[in-house]
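The structure appears below as structure tokens.
Every chain is numbered from 1 and lettered A, B, ... according to where its sequence line falls, protein lines coming before strand lines.
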Protein chains: 2
Amino acid sequence: MAVTIKDVALKAKVSTATVSLVINGNNRISPETKRKVLKVIKELDYHPSKSARDLVSQKTGNIGFLLTDDHFLRTEPFYTRIFLGSEFEAGNTNYYILLATVPSTYNNNNSLPRFILERSIDGLIVAGKVPEELLSKLSEYKLPLTFVDYKPERQKYPVVLIDNIHGGLLATNHLIEYGHKKIAFIGGDISHPSIRDRLTGYTRALDNAGINFNKNIIHTISPYPDRQNGYDAAKSIFTKNKNITAVFACNDAMAIGVMHYLKDNGYSIPDDVSIIGFDDVEADLLLDPPLSTIRVPKFDLGAEAFKIMKESIQNKETKSKIVLVPVELIIRKSTRKI
Amino acid sequence: MAVTIKDVALKAKVSTATVSLVINGNNRISPETKRKVLKVIKELDYHPSKSARDLVSQKTGNIGFLLTDDHFLRTEPFYTRIFLGSEFEAGNTNYYILLATVPSTYNNNNSLPRFILERSIDGLIVAGKVPEELLSKLSEYKLPLTFVDYKPERQKYPVVLIDNIHGGLLATNHLIEYGHKKIAFIGGDISHPSIRDRLTGYTRALDNAGINFNKNIIHTISPYPDRQNGYDAAKSIFTKNKNITAVFACNDAMAIGVMHYLKDNGYSIPDDVSIIGFDDVEADLLLDPPLSTIRVPKFDLGAEAFKIMKESIQNKETKSKIVLVPVELIIRKSTRKI
DNA sequence: TTTACCCGTTTAATCGTTTAACTAATTATC
DNA sequence: GATAATTAGTTAAACGATTAAACGGGTAAA
């Protein structure tokens, strides 16, 4: 059996209360007693039991991390990186992260994750979009929440988001600085907030540079921003417009599709067309040429969400602030000056 | 304040013991009382507190996952995938995974992870190589251990490993079946068990096919199996041997280096040289040509380790069995028949 | 000298469960 | 019909900490 506070108290000839007070740095204890107790603690290699502490303090030292199963399992490790960022940040603290997934089809018949029902978390990080039903059930608990990469409708909690507008601005500015004027935008579903924001950055950059906005070279009707849709979008844009010199794709997957289309049709990258993506997925470096892009620090998103969660637990306040995590322009070989 | 067992007992007009017995499926309780209690539980939406249960049962329902900090943070997400595999498998059970990293320079002055000292795990999964000092400190606790992708010296615990020998066999057989006889092996430090095993698979396959083992086309002196070393190894082998038709690289990183060397020197892949790697990293698909390889199911490694951990907690036995997780041959475009 | 206060420590309740030991009522056994 | 065995439930201790309240001795103020 492990060493308990009683063993320490006995050996130090004090009460368990005294030991507890020493451990918790209470200054009511005389230096002498404190020294004596600490000595015994060291001798016995005593460490307080977390279970016992949890019960009496009505805290758990755990923070939940919630996402939908499809986000957890999808091939491109976006949300799992965020999760690892939270894990990393938690490693520097006294908290542990507990992970749970909910079905993306979550409805009122589904039950909440076990860690909520059993009260084994002090706060919850929600990553990515989750069903509305889940949110309303969640709000019945007085649990501190923090959202990351998703801003719920009626937002009353802290939210950590990618600075998509700035990213769109950076990418487009980069192309403009390289002398490009005919810059196509290739995006997915425009109703998705992050894609909308990236487009906003794009138009803002054009505006700032006094370049005319040409809606013929803007593609925002793909249902999902994947490689195939990037390929198709490039086809539809490039067959109708002959003098495009640069493309800003709303993410790397689409950018890769665009690259494939261009290669298949005799364009050379970046000699004929410059191209920049968004995300900075691992594969970018292996492409030919390596893809310039906007780096999204997924790890940082998770770390930031954790920090905010920790704060809002400790401050007992639920401010609804929005934190934008900065992105970074990564220049590789797929863009060139003209 | 949350609903407790007392609230249920009060409302159901029974003792808390009865409620507890009902929850835990004890058959001493009459169907009638059971129904009554369950009804109240549902009405009050009662869920037992994990903290309280943990304390009294002297279990925690948590399993620790331990690895060194450099393994956690390294770019190629090998161990984090294993971790996610364990997380995934845990999601199907009543366990949570707690993550902790230790410095790769761990020595006796470092303390053990908090979750061990505070007794907040029921078992520990150790992923990858960890310092010997850590292991000996660990063994002072009566904690069930399971190792994954690492077999400690004096192994007394279950170990989950990649079936490297079979992988080497599969890769080499594939090349042999495609008609190759002059097959180079490009590996890193041979003292590393997994590289040694892959080489063993290679030699065994040659043996089975009655092909002579030619040590001039075997490269096992690179300190670390990365891309640059792959490039250099290819240079050293190909400048001295002219009639190599295929390469088995001990991992994909080296294989990519080999591909670069071959391209830089006018070889065409797979027309002049077939090449196969090992690991199946995401980038393989984006290479030109896409790389044939041996798929290592990292996720499965973690899941398997978790399953074994769970079993050995429940069976209270510490068998020292070795589980080999099967690998899979993935044929893409970098290998061809001659 | 009495009263009040401070200081350092202890006492004892508490957190929310589980479970061994007990009890009372019913049923079975001889 | 007396006793034993079974059944269904309760009582109370325990898990290992924290912490409000109580305590007693010493000192300072009245």
Report task. Would you confirm whether A:S57, through its side chain, and A:R53, through its main-chain N or O, come within 3.5 Å as a donor-acceptor pair? Result -> yes
Query raised in the report: At under 4.0 Å, does any side-chain N or O of A:R53 touch on OP1 or OP2 of D:dT18?
Result: yes
**Report entry** Length of the line joining B:E118:CD and D:dT18:C1', which is rounded to integer Å
**Finding:** 15 Å
**Report entry** Overall bend - the helix from C:dT1-D:dA30 to C:dC30-D:dG1, comparing terminal axes fitted on five pairs, nearest 10 degrees
**Finding:** 60°
Query - Distance test, side-chain N/O of A:S20 to OP1/OP2 of D:dT18, below 4.0 Å - result: yes
Query raised in the report: Once you round to the nearest 0.5 Å, how far does NE2 of A:H47 lie from CZ of B:R114?
Result: 12.0 Å
Requested in this report: Describe the nucleic acid contact of A:V19 in one word from base, sugar-phosphate, nothing, applying a heavy-atom distance below 4.0 Å.
Outcome: nothing
Requested in this report: Describe the nucleic acid contact of B:I29 in one word from base, sugar-phosphate, nothing, applying a heavy-atom distance below 4.0 Å.
Outcome: sugar-phosphate
Query raised in the report: Is a side-chain donor or acceptor of B:D122 paired with a backbone partner of B:G61 at a separation under 3.5 angstrom?
Result: yes
Query raised in the report: How long is the line joining CG of B:N26 and P of C:dT18, in whole Å?
Result: 11 Å
Query raised in the report: Should A:E43 and A:K39 be marked as a salt bridge (charged side-chain N to carboxylate O under 4.0 Å, His left out) after you check the CA-CA gap, both sets of side-chain angles, and the distance that decides it?
Result: CA-CA 6 Å; A:E43 280 171 15; A:K39 182 157 163 280; 3.3 Å; yes
Query raised in the report: To the nearest 0.5 Å, what is the distance between CZ (A:F147) and CE (A:M309)?
Result: 10.0 Å
**Report entry** Over all atoms of both residues, closest heavy-atom pair of B:Y106 and B:V102
**Finding:** CD1-CB, 4.1 Å
Query raised in the report: Rounded to the nearest Å, what distance is computed from the CG atom of residue B:L10 to the C1' atom of nucleotide C:dT17?
Result: 16 Å
Query raised in the report: Does the side chain of A:Q58 get closer than 4.0 angstrom to OP1 or OP2 of C:dG16 through an N or O atom?
Result: yes
Query raised in the report: Base, sugar-phosphate, or nothing: which does B:S57 touch, judged by heavy atoms less than 4.0 Å apart?
Result: nothing
Report task. Would you confirm whether A:K137, through its side chain, and A:N107, through its main-chain N or O, come within 3.5 Å as a donor-acceptor pair? Result -> no
Query raised in the report: Which whole-number value in Å describes the distance from A:L55 CG to D:dT18 P?
Result: 12 Å
Query raised in the report: Quick one: does B:R28 reach the base of D:dG9 with a side-chain donor-acceptor pair under 3.5 Å?
Result: yes
Requested in this report: Specify the separation, in whole Å, of atom CG of A:N27 and atom C1' of C:dT9.
Outcome: 14 Å
Requested in this report: Hey, which sits more toward the 5' end of DNA chain D by its nearest nucleotide, A:V56 or B:S15?
Outcome: B:S15
Query raised in the report: Is a side-chain donor or acceptor of B:Y96 paired with a backbone partner of A:F115 at a separation under 3.5 angstrom?
Result: yes
Query raised in the report: Please give, in whole Å, the distance from C:dA20 P to B:N24 CG?
Result: 12 Å
Query raised in the report: With sugar-phosphate meaning primed atoms plus P, OP1 and OP2, does A:D54 contact a base, only sugar-phosphate, or nothing at under 4.0 Å between heavy atoms?
Result: nothing
Query raised in the report: Would you say a side-chain N or O of A:S30 is under 4.0 Å from OP1 or OP2 of C:dT9?
Result: yes
Report summary line: Residue pair B:T33/B:R119 against DNA chain D: nearer the 5' end by closest nucleotide is B:T33
Report task. To the nearest Å, give me how far apart CG (A:L21) and P (D:dT18) are. Result -> 9 Å
Query raised in the report: Please give, in whole Å, the distance from D:dG9 P to B:R35 CZ?
Result: 12 Å
